[in-house]
Amino acid sequence: MSTNTEVAQIFYAMADLLDLQGERFKPDAYRRAARSVESLGEDLRKVAQRGGLDQIPGVGEQLREKILEYIRTGRISAYEKLRATFPPGVLELMAIPGIGPKTTGRFYTELHLDSPAALAQAIDQGRLNGLAGFGPKKIENLREALRAVAAAPPSSRIPLLAAWRLARSILQELSRRTPVDALEIAGSVRRCRENCGDLDLLATSARPPETIAVFAGLAGVRKVVMQGDTRATVIHDPGIQIDLRVVEPVSFGAAWQYFTGSKDHNIHLRTLARDAGLKINEYGVFRGEKRVAGATEADVYDAMDMQWMYPEIRENQGEIELAQQKKIPSLIQIEQIRGDLHRHIPDAPDRSWMKDLVTEARRWKFQYLGLVEAPGGSAASHRSRIQEIRRLWNEAQPEGLRLHLGWEVVLGKMMDPPDPESLFDYIISVPDKKGSAISPKPPTSPLLRRPLFVGHLSLGAPGAEVPREAAGPWIDWAQTNGVALELTAAGAEEGLDAGGARWAHEAGVVLVLSAGAGALSEIELTVCRARRGWVPPDGVLNSRADAVGATAPKVSKPKRPPRVGRTERRGPAAGERTDP
DNA sequence: GCCGTTTTCGGCCCGACTGTTTTCAGTCG
Ligand SMILES: Nc1nc2c(ncn2[C@H]2C[C@H](O)[C@@H](COP(=O)(O)OP(=O)(O)OP(=O)(O)O)O2)c(=O)[nH]1
Ligand SMILES: [Mg+2]
Ligand SMILES: [Mg+2]
């Protein structure tokens, strides 16, 4: 875990404990700070070093000191104290869906229940019967919630691709069986978070109750958690929560804005509205009783004198202020990616491999493909393999596609002559892992060769979260040396994440977007990651038709020192969709 | 605990659904 995640986890736990103590606003303050720290691109230690902790939304004097204490000592004494006031099991109790701080507190003080197991036993013994406010239905619901939590860990999130797949099938089925006008994805799936807690869907319908009934009755629905006139929540195979919200067309934009979030983005927006004498909810923007906007998202933001913005950046990380200044940046789009520059050539390249590759490249309307050889190897062997690659390439008849050949070179390693470099169009530098699988450090010696970019950063263990402190040295090094960095989709190796991408390009580091170790189609996920990192088209080397062959990427002048809050950039490019 | 072109004190987003209540608290999105 990175420092950021560790601090966030502690703040979340403190919020729950403060909630149990009956505190009114502190718990939300702690949770807000936790969310901010969690989604921050930059390593907390670095932020602390330059005295920027106060800039983090929701972090003031007290929480800043607690973060500093954690960085210094690895613990937060206020947390240790707070934690000692309750048995550890009560937080598990509060984590059960439907059981909040009030219920947990009463169970603990009135019945001395300090864990899910204790609650289960108390229910079986009938000790909840007669407890004020606990009728038979509530007790049955508790029983079921305990069963469900015991059966499946509630915290697992689903990958974006799986969420998209599920969403497509649900939307198709719904629109086939009920008269909906609009049907859209919302929530974290629309914001393209890499892992989503649930699926949030929005519909406008001439007959909302019917639409909701059809939704609740879909074939894959395991359990209807709740069902009203405007919304329903179900658990769908294989155990994924789906929320459907239904509104009238006149409120569609406001509802989409609300349901897309993020929560902190919504709260910020609604607070600004209130300060301006307006009210925003999922039905519209209101001045008194009068609805002044609501049909489209753009109308809602416009009513606040703000620019519409892409869902991917609605994380309360400075986008609200930029929208007010009409300076929302343009973001890289998949259509602007001209090719993948990091496809490895297999040990035995054959016709079907090449055919699939070319087909996929056409699907994404690429102009080139960069096929890459692994480090080492003799000039003679590379020469014969390249000959074979060219033969297969021509055989595949890749009209409209150019072939570029790349070679990976380990940073700082010398080669015996004859050097194969002249056989290739470009060099990809890869870190010297020196035996350890993760977190290599950037070289301290001068660059022996000029790479097109640095790839295979491997900052974290496969599938694991990347420690922020691992990305920092590489971003600094890339900035100093004017070298581009690769950005890939999550996969076997973890390089830069969205936060790291934002940090990098705001430091003026050019990025190369590639699919990574998986299928070429995962380039789509890489683009999502870049967009969540606020990366504009001109921050991406392979958005250029001449990425290879032109001079090595220059470092653009740093936009500003990386920090939370303002940036300076242009609005969306002409022709870019504004309300997709 | 945070925060400020209306505030350094006094606010803190706003609403749906459920179960239990004779008017609403708790939980969740
Ligand atoms: N105004 C407001 N909107 C909220 C609140 N909680 C959730 N929302 C909105 C914004 C969220 O993106 C949207 C869906 O809620 P979810 O709990 O599913 O969150 P989200 O999809 O963002 O993240 P997830 O991956 O599901 O954990 O509902 C809230 O407390 N206030
Ligand atoms: Mg969600
Ligand atoms: Mg949801």
Report task. Please collect all ring-ring contact (aromatic ring centres under 6.0 Å, His included) contacts where either partner lies in residues 12-35 of chain A, sequence neighbours excluded, each pair once. Result -> A/Phe11-A/Tyr30

Query raised in the report: Going by the ring-ring contact (aromatic ring centres under 6.0 Å, His included) test, which pairs reach into residues 177-197 of chain A, not counting sequence neighbours?
Result: none

Using a strict threshold of under 4.0 Å (side-chain N to carboxylate O), is an ion pair present between [Y] and [X]?
| X | Y | answer |
| --- | --- | --- |
| A/Asp497 | A/Arg532 | no |
| A/Glu140 | A/Arg143 | yes |
| A/Arg50 | A/Glu42 | yes |

Report summary line: Walking DNA chain B from its 5' end, the first of A/Asp243 and A/Gly58 to be reached, judged by nearest nucleotide, is A/Gly58

Query raised in the report: Of A/Arg270 and A/Thr104, whose closest DNA chain B nucleotide lies nearer the 5' terminus?
Result: A/Arg270

Query raised in the report: Yes or no on side-chain contact (heavy atoms from CB on, under 4.5 Å) for A/Phe86 and A/Leu91, after CA distance, side-chain angles and deciding distance?
Result: CA-CA 9 Å; A/Phe86 291 97; A/Leu91 291 189; over 6 Å; no

For [range], which residues have at least one heavy atom under 4.0 Å from DNA chain B?
| range | value |
| --- | --- |
| residues 274-286 of chain A | A/Arg274, A/Lys279, A/Ile280, A/Asn281, A/Glu282, A/Tyr283 |
| residues 204-219 of chain A | none |
| residues 221-242 of chain A | A/Met226, A/Gln227, A/Gly228, A/Asp229, A/Thr230, A/Arg231, A/Gln241 |
| residues 107-116 of chain A | none |

Query raised in the report: Under 3.5 Å, is there a donor-acceptor pair between the A/Ser77 and A/Glu69 side chains?
Result: yes

Requested in this report: Please identify each residue that fulfils side-chain contact (heavy atoms from CB on, under 4.5 Å) with A/Glu23, with sequence neighbours left out.
Outcome: A/Leu18, A/Lys26, A/Pro27

Distance, rounded to the nearest Å, where [X] contributes [atom1] and [N] contributes [atom2]:
| X | N | atom1 | atom2 | result |
| --- | --- | --- | --- | --- |
| A/Tyr12 | B/dG1 | OH | C1' | 16 Å |
| A/Gln257 | B/dC13 | CD | P | 15 Å |
| A/Ile76 | B/dG1 | CD1 | P | 12 Å |
| A/Asn316 | B/dC3 | CG | P | 11 Å |

Query raised in the report: How far does the P atom of B/dT7 sit from the matching atom of B/dC17, given to the nearest Å?
Result: 39 Å

Query raised in the report: Can you name the ring pair (Phe, Tyr, Trp, His ring centres under 6.0 Å) partners of A/Tyr79, sequence neighbours left out?
Result: none

Report task. Please name all residues satisfying ring pair (Phe, Tyr, Trp, His ring centres under 6.0 Å) with A/Phe286, sequence neighbours left out, ordered by chain then number. Result -> none

Query raised in the report: Tell me, which pairs form a side chain to side chain donor-acceptor pair (under 3.5 Å) where one or both residues lie in residues 84-106 of chain A, sequence neighbours left out?
Result: A/Arg106-A/Glu110

For a quick check of understanding: with a heavy-atom distance under 4.0 Å over all strands, which category does [X] fall into, base, sugar-phosphate or nothing?
| X | value |
| --- | --- |
| A/Pro27 | nothing |
| A/Tyr258 | base |
| A/Ile267 | base |

Requested in this report: Start with the C-alpha gap between A/Glu297 and A/Trp256, add the side-chain angles, then the distance that decides, and say whether side-chain hydrogen bond (donor to acceptor under 3.5 Å, both in side chains) holds.
Outcome: CA-CA 7 Å; A/Glu297 280 194 336; A/Trp256 208 17; 5.3 Å; no

Query - Counterpart base for B/dT8, defined by Watson-Crick or G-U wobble contacts under 3.5 Å - result: none

Query - Test log, rule side-chain hydrogen bond (donor to acceptor under 3.5 Å, both in side chains), inputs A/Tyr301 and A/Gln257 - result: CA-CA 9 Å; A/Tyr301 287 108; A/Gln257 190 288 316; 3.3 Å; yes

Report summary line: Under a 4.0 Å heavy-atom criterion, the protein footprint on nucleotides 19-25 of chain B, written with B, S and -, is SS-----

Query raised in the report: Can you check whether A/Ala489's main-chain N or O pairs, donor with acceptor, with A/Glu522's side chain at less than 3.5 Å?
Result: no

Query raised in the report: Hey, is the main chain of A/Val180 close enough, under 3.5 Å, to the side chain of A/Ser205 for a donor-acceptor pair?
Result: no

Query raised in the report: A/Phe107 vs A/Phe134 aromatic rings, parallel, tilted or perpendicular, using cut-offs 30° and 60°?
Result: tilted

Requested in this report: For the side chain of A/Arg245, starting at C-beta, report the closest nucleotide among B/dA16, B/dG1, B/dC13.
Outcome: B/dA16

Query raised in the report: Which nucleotide sits closest to the side chain of A/Thr271: B/dC2, B/dG29, B/dC13?
Result: B/dC13

Please tabulate, for the side chains in residues 245-255 of chain A, all donor-acceptor contacts under 3.5 angstrom to protein atoms that are two or more places apart in sequence or on a different chain.
unit_1   : atom_1 : unit_2   : atom_2 : d
A/Arg245 : NH1    : A/Glu282 : OE2    : 2.8
A/Arg245 : NH2    : A/Glu282 : OE2    : 3.2
A/Arg245 : NH2    : A/Tyr283 : OH     : 3.1
A/Ser251 : OG     : A/Tyr283 : O      : 2.9
A/Ser251 : OG     : A/Arg291 : NH1    : 3.0

Query raised in the report: Can A/Phe25 be classed as stacking with the base of B/dC2, given a centroid separation cut-off of 5.5 Å and a plane angle cut-off of 30°?
Result: no

Query raised in the report: Does a nitrogen or oxygen in the side chain of A/Lys66 sit under 4.0 Å from OP1 or OP2 of B/dG1?
Result: yes

